[in-house]
Every structure is written in C-alpha cells, then in structure tokens.
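As structure tokens, the structure follows; a few thoughts come after it.
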Amino acid sequence: MLDFSFSTEQETMRRLFRDFAESVLLPRYREWDAKEEFPWEQWNRMAEIGLTGMTISEQYGGAGMGYVEAGIAAEEVGRGDFNCAYAVILNGLVGEILERHGGDRVKKEFLLPMAKGEKLIALALTEPGTGSDAAAIKTTAVREGDHYIIAGEKSGISLATVAHAAVVFAKTDPEQRSRGVTAFLVPLDAPGVARSAYQDMGNRPIGRGSLFFDRVEIPLEYRVGDEGQGFYGAMNGFDFSRVLIALQCIGAAEKTLEETVEYVRQRQAFGKPLAAFEGVSFPIAEHHAKLEMARWYGYRALWLRDENLPHTTEAAACKWLGPKLAAEAIHDCLLLHGHYGYTRDLPIEQRLRDVIGLEIGDGTAHTQKIVIGREVIGREFRPY
Ligand SMILES: Cc1cc2nc3c(=O)[nH]c(=O)nc-3n(C[C@H](O)[C@H](O)[C@H](O)COP(=O)(O)OP(=O)(O)OC[C@H]3O[C@@H](n4cnc5c(N)ncnc54)[C@H](O)[C@@H]3O)c2cc1C
C-alpha cells in the first residue's frame, strides 16, 4: 500500500508549529531584518517546543524527532520567519554531524547546550578561494602532541558573528582532496579566532561572515570523527539539510501565495476583483501546482532517510528545485501586489531576498545537478 497521509501525531505537530510560526514568529519577521539582529527571544521560545534540537536524541537534550517531522518543522517555521527556520536547519545539520561523529566531550560541552537552545554552532566549510569545489579547501589542522593547530580562513559562514562555536573543516592531509578533510569543533572564543560580518542582500539576522583561524589550538577530543572522514560526514548531513532548506523555502512561498490569494480576491481593477482575470489566476495556479509537487518530493526524500534508504539524488533535486520554485512564486506574488508588494509594508520583498540566498547556500543549482548527474549517469562521467 502507498500511503501519502501524515499521521495524527504529525498533523498535531504541524498545527502546533503553524500556530507558533504565525502568532509568534511572523509578526516580528521584518523587525529582526531591519535591526540585523539574531532573534534570541524567538530562539528561546523555539527551544521550549523542541525546534532547537529536532532530530537530536533526548539523551543529548533534543526532541528525538524523525526526519519527516523535522521537515514539517522546517516548512512551518519557514512560513513564519525564514531566518528562524534557517537557524533551525543549521542546528539540525550540525546536530546530525555531532551526534553521529562527535566524541563524549563534544557532545556534553556543545551538542547538549545546542539542542537546548543555549548555544549556536556554525558550520564552516567554504573558503574565499573555494566554495562549490569543497574538497579543495586550504585550511589546515596539524597535530602537535595532545592538540591540533588550526590555520586558515572560512567565508560565507551563516551565524559566524553570533555562534559560540563552529564545526570547522580542515585538511589533515593537504595532498589529498576529500580524503584529506577532517572536521573539528572550534570554540569561537578561543585565542587566535577572529570574525568579520557581511552585508548580505538577505538573511540579515543570521550574522553571516568570515572566520579567521590564526594558529588556533584545540584539544584532540574536539576532532569530530576520524581523520580524513570529515568530508563524508558533511555530505551525509547535506543529504538532510538540503531537503529541509527546500521545505523551508516552500513554506515561505506557500504563505506568500496564500496572502496573494487574499489580496487578489479583494483588490479591484477594471470593475472586477483581480482574481477574476486569468492573467492573475494562472500564475497562482501554476505556482500552487509546482510548489505542491516539490513539497511532496521533499517529504519523500525525508521518508527515505527515515527508512535508511539512499536519498542523495532526491536531496539534491529538492535543493535545486525548492529554492528556485519558491523564489519564482514569491517574485510573481510580489508583482501581483503591484507597488504595494515592492514596499517594506509587506514581508514579500524580504522573503524574496531571503530565499534567493538559499539558491546558493548549501550548494548551488549547478552543484546539485553535478550530484544528480553523478548518481543517474555514473561516477565515471563526473567532470573531476
Ligand atoms: C545564504 C548562504 C548561506 C551560506 N552558509 C554557509 C555556511 O553556513 N557554511 C559554509 O561553509 N558556507 C556557506 N555558504 C557558502 C556557500 O556554500 C557557497 O557560496 C557555495 O557553495 C558556492 O560557492 P562559491 O560562492 O565559492 O561559488 P563558486 O564555487 O565560485 O561558484 C560560482 C558559480 O560557478 C558555478 N560553478 C562552480 N563549479 C561549477 C561546475 N563544475 N559546473 C557548473 N557550474 C559551476 C556555481 O554554481 C556558481 O554559480 C553560504 C552561502 C550563502 C549564499
């Protein structure tokens, strides 16, 4: 039997997150953007309902949710505050990596407080010289007795200016590509760490910026996983976060589409409501259909992960199409509001700025197509 329905518990969870997103998050979505401040107040409230430790097990302070439930959270929070959803997803990704690969000390000192919403942990892979080609990173980690020395620079890092720590990817064997990459937990108050903030187009409360590591010393126990395994741990985590990003973007687009339906029903032109013109109703119908398809593709990918089945292709397809379809829908919704949509009186222009960032972050459309092509056509035909 093929069953496309959510369980009663999942529907209850969806209602809880939707009510929370619409009554607590949405009213202040634009405020955090204008202030360029991380929404700590909202974050504390999100911790109370399990959003800061979604799939992290209860043993480490998390909510122990399945992956489909995490998708529901991403979609619903995305309807209220895209940037809160982004922080939820980053927590989910880092939580996966730390719980699967971190040692006891890392779990106690970082995973547990992160799951409770007390600490934020960034993920630092990208560098000024390399983004899509992540295996070409240049940051190094050299073992010296009972510690590692980290040296290098990371760029485009979400939460860089607000996080307490970062999972940093560095080369323990600079001669190798992916096999030379190891992950480390680096406290961002350690001597030798510096940060600088960016002025991005969107995600302005997320504190994106650069991290600089000038011979930063960290204990051996802060290595996350074995030497040379960091790249694979990150890629496995991306198979999860990429789907959540798609659902987060779709959530923001669905909410915008609903607001637009309300608007075109009441706004009059040429003696009729806008909704009566097919030039208005057709784009709404098209975006509704596309978003609904992408949404179910996302839940299928998460179901595959829950079932421990391969889902790399599905995750890459969701990450390519989710943000793209969402940005297109929000763009058309903005236009259907006329000048009103272009103002900051409505959240639409902010949603568009915020969603476009996720067409790049966590891998561009090209990167996703490289992954899909590699899986569908065969690894021997990949371009590198
Ligand atoms: C909103 C946002 C959040 C981010 N958050 C983080 C974070 O938390 N942590 C982190 O480590 N990084 C983060 N990043 C960085 C992000 O992962 C990189 O920007 C991304 O991987 C692309 O790398 P790049 O910017 O260096 O572009 P490049 O790799 O230089 O690519 C430039 C262009 O060339 C294309 N291109 C590259 N190679 C190929 C190819 N083989 N075939 C076809 N086209 C190709 C790309 O798709 C892109 O269009 C974030 C970025 C954004 C925008």
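Counting starts at 1 for both ligands and their atoms, following the listed order.
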Check: Less than 3.5 Å between some nitrogen or oxygen of Thr367 and one of ligand 1, yes or no?
Finding: no
Check: Under a 4.0 Å N-O cut-off, is there an ion pair linking Arg45 with Glu41?
Finding: no
Margin query: Just to verify, what does Met201 make a side-chain contact (heavy atoms from CB on, under 4.5 Å) with, not counting sequence neighbours?
Written below: Arg353, Ile356
Checklist line | N or O contact, Leu358 vs ligand 1, cut-off under 3.5 Å | finding: no
Notebook entry, point to check: In terms of side-chain geometry, is the basic nitrogen of Glu349 or Arg344 positioned less than 4.0 Å from the acidic oxygen of its partner?
Noted result: yes
Item checked: Side chain, backbone, both or neither: the part of Tyr86 lying under 4.0 Å from ligand 1 by heavy atom -> side chain
Notebook entry, point to check: For ligand 1, is any non-hydrogen atom under 4.0 Å from Leu159's backbone (N, CA, C, O), its side chain (CB onward), both, or neither?
Noted result: neither
Checklist line | Proximity to ligand 1 by part of Asp200, non-hydrogen separation under 4.0 Å | finding: neither
Item checked: Any N or O of Ser155 closer than 3.5 Å to N or O of ligand 1 -> no
Next item on the list: Using the salt bridge (Lys or Arg N to Asp or Glu O under 4.0 Å) rule, collect all pairs that involve residues 59-78, keeping only residues at least two apart or in two chains.
Entry: Arg14-Glu75, Arg14-Glu76, Arg18-Glu76, Glu75-Arg295, Glu76-Arg79
Check: What pair of heavy atoms forms the shortest contact from Ala301 to Val243, and how long is it?
Finding: CB-CG2, 3.8 Å
Notebook entry, point to check: Just wondering, more than 12 heavy atoms not from Glu175 lying within 6.0 Å of its CD?
Noted result: no
Notebook entry, point to check: Does Glu22 come within less than 4.0 Å of Lys255, counting only side-chain N to carboxylate O?
Noted result: yes
Note to self: Are more than 12 heavy atoms, taken from residues, nucleotides or ligands other than Lys108, located less than 6.0 Å from that residue's NZ atom?
What the structure shows: no
Next item on the list: Examine ligand 1 and decide if any of its atoms is less than 4.0 Å from a heavy atom belonging to Lys154.
Entry: no
Next item on the list: Tell me which one of Gly373, Ala163, Gly357 gets a heavy atom nearest to atom 53 (C) of ligand 1.
Entry: Gly357
Item checked: Candidate with minimal heavy-atom separation from atom 17 (O) of ligand 1, of Ile245, Thr126, Ile157 -> Thr126
Item checked: Shortest reach to atom 50 (C) of ligand 1 by a heavy atom, considering only Ala365, Gly156, Pro128 -> Gly156
Next item on the list: Flag the pair Met46 / Cys84 as yes when at least one side-chain heavy-atom distance between them is below 4.5 Å, and no otherwise.
Entry: yes
Next item on the list: Ignoring hydrogens, just give me the one of His366, Met201, Gln368 whose non-hydrogen atom is nearest atom 45 (C) of ligand 1.
Entry: His366
Notebook entry, point to check: Looking only at distance, does Thr130 have an N or O less than 3.5 Å from an N or O of ligand 1?
Noted result: no
Next item on the list: Have a look at Gly129, Ser241, Gly363, Ser132 and point out the one with the heavy atom closest to atom 29 (O) of ligand 1.
Entry: Ser132
Checklist line | Atoms in ligand 1 flagged as close to Asn203, the criterion being non-hydrogen separation under 4.0 Å | finding: 1 (C)
Check: Which atoms from ligand 1 have a heavy atom of Ile360 less than 4.0 Å away?
Finding: 19 (O), 20 (C), 53 (C)
